[in-house]
2 protein chains.
Amino acid sequence: MKKNRLGEFQELVLMTVIVLQDDAYGVEIQRDLEERLKKRLSVGAIQTALKRMVEKGFLTSEFGEATQKRGGKRKRIYSATPYAHQVLREMRDLRAQLWDAMPRLGTSQA
Amino acid sequence: MKKNRLGEFQELVLMTVIVLQDDAYGVEIQRDLEERLKKRLSVGAIQTALKRMVEKGFLTSEFGEATQKRGGKRKRIYSATPYAHQVLREMRDLRAQLWDAMPRLGTSQA
DNA sequence: ATACTTTTCATCAACATTGAAAACTTTGCT
DNA sequence: AGCAAAGTTTTCAATGTTGATGAAAAGTAT
């Protein structure tokens with residue numbers, strides 16, 4: 001019954017949420033991921049990914065406090081569910097298994 | 001000009017092509033991946049992924065010999081381009097970087 | 001002809017990506 | 001105080017790409 005897919009981009013956003021912990025809100029996630037990818041991302045790309053992952057039970061969200069900075073609007077802070085951690089590990093393990101099964105082109109094997 | 005995205009599923013199919021080497025054709029890829037995922041896949045899912053990856057320069061393909069088995073139709077054998085290998089490594093490294101940056105919930109860190 | 005293996009094709013739902021608009025918050029001016 | 005301006009963040013709508021299904025076609029051996 002459940003739609004469990006976790007897309008390629010969603011996975012990166014999810015991991016970034018975990019990395020940023022209490023600072024995991026839209027714009028900051030965008031900044032962090034842009035730096036890692038060395039590639040410009042649009043606001044909406046992040047936000048749709050976040051929204052869909054909330055719907056599927058990978059993330060929960062709540063509003064944080066507004067900061068004292070000029071323009072410091074309240075942030076919606078995201079955090080990953082235990083289920084999200086589990087799925088991330090499963091995908092990592094699956095890929096690791098495939099890497100192990102791949103012939104090593106640079107080594108002694110043909 | 002080219003659209004270089006490599007989706008989540010495409011990535012798995014691509015890795016399976018590399019694993020299977022000379023046996024990397026549609027139905028066999030399907031069988032191998034079904035076993036790893038422990039999940040039923042449709043023929044078309046594999047074939048569309050393969051076709052699109054050819055268009056984008058991740059794969060090349062050529063027909064192999066027909067086998068002697070009853071119903072042994074000629075197989076279209078796929079192989080990964082150097083570019084595909086490069087992109088796979090980049091994605092692996094990016095995810096590894098994110099795993100390293102993630103707080104370890106099970107260890108001594110808070 | 002019949003049975004079997006594999007690919008091709010058409011189709012629809014979910015994901016990726018964009019940019020503008022809206023919502024909110026502080027600052028500065030009168 | 002009151003109000004406009006400017007800054008930060010989220011929401012929304014719209015479009016192209018990927019994911020997933022199953023039936024049909026193509027080809028090969030019995």
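Throughout, a chain's letter reflects where its sequence line sits, starting with A, and its residues are numbered from 1.
Atom CD of B/Glu55 is separated from atom P of D/dG19 by 13 Å (rounded to the nearest Å). What separates CD of B/Glu34 from P of D/dT21 is a distance of 10 Å, to the nearest Å. In this entry the distance linking CD of B/Gln30 with C1' of D/dG22 reads 12 Å, nearest Å. Rounded to an integer number of Å, the gap from CD1 of B/Ile46 to P of C/dT7 is 11 Å. With rounding to whole Å, B/Glu65 atom CD is found 15 Å from C/dT6 atom P. Straight-line distance from the CG atom of B/Leu33 to the P atom of D/dA20: 10 Å, rounded to whole Å. We find that CD of B/Glu62 is positioned 13 Å from P of C/dT7, with the value rounded to whole Å. If you measure from atom OH of B/Tyr25 to atom P of C/dT8, you get 14 Å, rounded to the nearest angstrom.
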Original post:
Checking salt bridge (Lys or Arg N to Asp or Glu O under 4.0 Å) for the pair A/Asp32/A/Arg36: CA distance, chi angles, key distance, verdict?
Top reply: CA-CA 6 Å; A/Asp32 190 271; A/Arg36 285 184 205 279; 3.0 Å; yes

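Both cation-pi conditions hold for A/Arg76 and A/Phe63: the charged atom is under 6.0 angstrom from the six-membered ring centre and inside a 45 degree cone around its axis.
For the pair B/Lys56 and D/dT18, the criterion of a side-chain N or O lying under 4.0 Å from OP1 or OP2 is met. Put simply, A/Arg76 has a side-chain N or O that comes within less than 4.0 Å of OP1 or OP2 on D/dT11. At least one side-chain nitrogen or oxygen of B/Arg5 sits closer than 4.0 Å to the OP1 or OP2 atom of C/dT17. Phosphate contact (OP1/OP2 of D/dG19, side-chain N/O of B/Gln10, threshold under 4.0 Å): present.
Side-chain atoms of A/Arg52 never come within 3.5 Å of backbone atoms of A/Leu50 as a donor-acceptor pair (strictly under, hydrogens ignored).
When ring centroids are compared, A/Tyr83 and A/Phe58 come within the 6.0 Å threshold.
Residue-to-nucleotide proximity on DNA chain C shows that, of B/Arg52 and A/Ala45, the 5′-proximal contact is made by B/Arg52. Ranked by how close their nearest DNA chain D nucleotide is to the 5' end, A/Arg70 and A/Gln47 are led by A/Arg70. Heavy-atom distances to DNA chain D give each of A/Lys69 and B/Leu41 a nearest nucleotide, and the one nearer the 5′ end belongs to A/Lys69. Judged by closest nucleotide on DNA chain C, A/Ala49 is the one of A/Ala49 and A/Gln68 placed further toward the 5' end.
Among the protein residues, A/Arg74 comes within range of the sugar-phosphate backbone only, with heavy atoms under 4.0 Å from sugar or phosphate atoms but none that close to a base. Base contact: A/Thr48 has a heavy atom under 4.0 Å from a base atom. Using a 4.0 Å heavy-atom distance criterion, B/Gly44 is classed as a base contact.
Among D/dA26, D/dA20, C/dA16, the nucleotide with an atom closest to any side-chain atom of B/Phe9 is D/dA20. Listed nucleotides: C/dT8, C/dA20, D/dA20. Nearest to the side chain of B/Val43: C/dT8. Checking D/dT9, D/dA20, C/dT6 against every side-chain atom of B/Arg31, the shortest atom distance belongs to C/dT6.
Within 3.5 Å, a donor on the side chain of A/Lys73 pairs with an acceptor on the base of D/dT9, or the reverse.
Closest of all the heavy-atom pairs between B/Tyr78 and B/Val17 is O-CG1, 3.6 Å.
When side chains are defined from C-beta on, B/Pro103 counts as touching A/Ile18, because their heavy atoms get closer than 4.5 Å.
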